[in-house]
Enquirer: 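If you scroll down you'll find the structure; I have some questions about it.
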There are 2 protein chains.
Amino acid sequence: MASAASDIGRMARKLASIASLTDAERQAIEALPLTVRIFEPGEDIVRDRDRPSHCCLLLSGWGFRYKVLPDGKRQILSFHIPGDVPDLQSLHLQVMDHSLGVTTTSSVGLIPHEALREMTRRFPGVAAIMWRDTLIDAAIFREWMTGIGRRTAHGRIAHMLCELYLRLHAVGLAEGFRCDLPITQIDIGDALGLSNVHVNRVLQDLRGRGLIMLRGRSLAIEDWSALTKVAEFDPTYLHLVRPRVN
Amino acid sequence: MASAASDIGRMARKLASIASLTDAERQAIEALPLTVRIFEPGEDIVRDRDRPSHCCLLLSGWGFRYKVLPDGKRQILSFHIPGDVPDLQSLHLQVMDHSLGVTTTSSVGLIPHEALREMTRRFPGVAAIMWRDTLIDAAIFREWMTGIGRRTAHGRIAHMLCELYLRLHAVGLAEGFRCDLPITQIDIGDALGLSNVHVNRVLQDLRGRGLIMLRGRSLAIEDWSALTKVAEFDPTYLHLVRPRVN
DNA sequence: CGAATACTTGAGTGGGGTCAACGCAAGTGG
DNA sequence: CCACTTGCGTTGACCCCACTCAAGTATTCG
């Protein structure tokens with residue numbers, strides 16, 4: 001099906017942004033079987049303690065991984081954009097230690113573990129790239145941890161905006177320092193260990209200082225250089241093959 | 001060399017704590033070439049931005065990974081105990097995005113990337129287990145992130161003590177709720193996003209309430225059940241094959 | 001156009017930070 | 001074997017960043 005082929009092409013494009021793919025490898029990826037499902041905000045794709053038999057390729061919309069503490073506090077662990085496979089880890093960790101949800105109506109392609117395993121057997125190069133993908137995932141966790149532990153609220157928020165723009169840019173989903181940002185201020189707070197109230201005040205400050213424009217779900221970075229300075233942003237940790245902003 | 005064989009046996013034991021190994025796989029691991037080096041506290045094994053050609057197997061002592069922000073603030077990302085390969089990721093991420101140091105005089109076995117790659121080619125099962133190891137690494141990052149972002153200082157510290165004891169126990173380095181804890185209160189603070197002053201006060205409180213005994217570098221957990229309660233500790237995220245405390 | 005959800009603003013508060021001083025133990029070297 | 005140093009642990013006083021609570025104002029969507 002033409003639509004399915006182009007759908008899974010997103011995954012190839014994502015992987016190509018972090019490593020180089022041979023034609024054979026790209027074809028192997030594009031031959032993966034895919035069952036498409038739509039998820040609505042509030043719905044979980046996978047839940048804490050599940051034992052999934054598929055991985056989820058995000059085709060459109062945004063996903064996020066999160067944990068909920070006994071007292072109801074939520075920590076968002078990562079945001080995911082089209083092309084990402086947020087639960088690739090489930091290939092080797094049977095039990096989910098967190099949940100996976102969506103922030104907007106999203107289209108998700110389910111890929112059976114068995115198909116992925118078969119591909120890694122036949123194409124060890126793809127296995128290495130997928131391993132690399134999960135390692136970059138971990139590198140982003142490390143950077144977030146550093147932010148939450150040691151950065152000010154201003155630094156954390158600025159840093160997150162820089163990261164998201166760069167990741168969107170790397171897969172062709174942002175250009176000219178503009179992008180969609182389909183997440184609420186509550187989400188941002190839960191991702192950065194802040195209250196929504198404080199997120200709001202900091203965003204207003206960043207707007208007031210002319211660093212960003214943010215209305216509704218649309219972000220424009222008006223002064224990239226100043227924003228990266230506030231964020232102390234260094235993109236090394238994203239391990240992109242071509243880490244350019246424009 | 002007999003000593004080298006038993007040294008690298010630590011790695012096999014560690015991997016056996018998170019997955020089952022066949023005899024052939026265990027032998028392949030034990031055949032890995034190893035150059036042993038001693039590191040002193042304050043010395044770095046690998047530095048941010050390095051491009052290592054070896055991985056480091058920790059043989060004795062404790063290691064830790066960390067980032068330093070421009071203003072000098074330090075965030076410790078993980079602690080590592082004998083049997084761990086803290087920079088396994090460097091096999092697929094050329095540039096280090098953080099540093100690796102030791103808290104005590106430590107003995108480290110350097111394994112050439114090429115030897116590891118050769119092993120993954122010949123033993124895809126070992127490759128899968130090492131991949132799994134890096135995934136558990138990431139799972140621990142997620143749990144720490146959640147702690148730093150959403151737990152109180154008491155919860156964070158209690159949680160860390162539970163985790164470290166369980167990991168030591170899993171590789172046979174702790175028994176009877178007692179273990180060495182060769183890290184300073186400054187280290188704990190830098191790991192959990194707290195000041196050393198506050199770490200000190202919380203530790204005193206935990207001692208005063210009879211949950212732990214901590215003198216010098218030796219920890220005894222006097223009330224495991226109460227400590228896990230304060231920590232809201234659930235070991236699922238460690239993905240141990242046999243997650244028992246005793 | 002009502003209902004829900006997100007965003008905004010203000011006032012008051014507290015957990016944990018900072019600063020500074022001191023105790024104590026383990027080197028270390030003369 | 002003692003004087004000096006160094007690093008870690010401990011304590012007190014003060015304070016601020018970010019939280020909580022609460023109420024009001026857009027948006028969005030059926």
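FYI, side chains are in, hydrogens and waters are out, and symmetry mates aren't considered; it's all heavy atoms of this structure. Lettering follows sequence order; numbering is per chain, from 1.
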Enquirer: Nearest whole Å is fine: how far is C:dA20 P from B:His198 NE2?
Expert: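 These atoms are roughly 21 Å apart.
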Enquirer: Contact class for B:Arg207 vs. all strands (heavy atom < 4.0 Å): base, sugar-phosphate, or nothing?
Expert: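 It contacts sugar-phosphate atoms only.
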Enquirer: In a check of salt bridge (charged side-chain N to carboxylate O under 4.0 Å, His left out) between B:Asp205 and each of B:Arg209, B:Arg201, B:Arg207, which one passes?
Expert: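 So, applying the salt bridge (charged side-chain N to carboxylate O under 4.0 Å, His left out) to B:Asp205 and each of B:Arg209, B:Arg201, B:Arg207, only B:Arg209 qualifies.
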Enquirer: Indicate, with a heavy-atom threshold strictly under 4.0 Å, whether A:Ser195 touches base, sugar-phosphate, or nothing.
Expert: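 Answer is base: heavy atoms of A:Ser195 come under 4.0 Å of a base.
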Enquirer: Select base, sugar-phosphate, or nothing to describe what B:Gly42 touches, counting heavy atoms under 4.0 Å on all strands.
Expert: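 No contact at all - B:Gly42 keeps every heavy atom at 4.0 Å or more from the nucleic acid.
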Enquirer: Give me the one residue out of A:Asp187, A:Asp180, A:Asp84, A:Leu164 that meets side-chain contact (heavy atoms from CB on, under 4.5 Å) with A:Trp62.
Expert: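 That would be A:Leu164.
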Enquirer: Measure from CG on B:Asp205 to P on D:dT11 and round the result to the nearest Å.
Expert: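 Taking atom P of D:dT11 as the reference, CG of B:Asp205 is at 12 Å.
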Enquirer: Looking at C:dC7, I'd like to know if its phosphate oxygens (OP1 or OP2) sit under 4.0 Å from a side-chain N or O belonging to A:Gln204.
Expert: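 No, A:Gln204 has no side-chain N/O under 4.0 Å of OP1/OP2 on C:dC7.
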Enquirer: I need the CD1-P distance between A:Ile188 and D:dC19, as an integer number of Å.
Expert: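 Checked: the CD1 to P distance equals 13 Å.
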Enquirer: Rounding to an integer number of Å, can you tell me how far A:Gln185 CD sits from D:dA26 C1'?
Expert: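 Rounding to the nearest Å, CD of A:Gln185 and C1' of D:dA26 are 12 Å apart.
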Enquirer: Write down the distance between CD1 (B:Ile186) and C1' (C:dG17), rounded to a whole number of angstrom.
Expert: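 Those two atoms, CD1 and C1', are 15 Å apart.
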Enquirer: Nearest-Å distance, CG (B:Leu203) to C1' (D:dT10)?
Expert: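 Distance, rounded to whole Å: 12 Å.
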Enquirer: Do NZ/NE/NH1/NH2 and the carboxylate oxygens of A:Lys229 and A:Asp223 come within less than 4.0 Å?
Expert: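 Salt bridge absent between A:Lys229 and A:Asp223.
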Enquirer: Calculate the interatomic distance between B:Leu194 atom CG and C:dT18 atom P; express it in whole Å.
Expert: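 That distance rounds to 11 Å.
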Enquirer: Nearest 0.5 Å please: distance from the CG atom of A:Asp234 over to the CG atom of B:Asp97.
Expert: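 Spacing of CG (A:Asp234) from CG (B:Asp97) equals 9.5 Å.
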Enquirer: Any donor-acceptor pair under 3.5 Å joining the side chain of B:Arg201 to the base of C:dG15?
Expert: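 Donor-acceptor pair under 3.5 Å: no.
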Enquirer: To the nearest Å, how far apart are B:Asn200 CG and D:dT10 P?
Expert: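 It is 4 Å, rounded to the nearest whole Å.
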Enquirer: Report which part of the nucleic acid A:Gly189 touches: base, sugar-phosphate, or nothing (heavy-atom distance under 4.0 Å, all strands).
Expert: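 Nothing, no heavy atom under 4.0 Å.
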Enquirer: Hey, does the Lys NZ or Arg CZ of A:Arg167 hover above the aromatic six-ring of A:Tyr165, less than 6.0 Å from the centre and inside 45° of the axis?
Expert: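 That pair does not qualify as a cation-pi contact.
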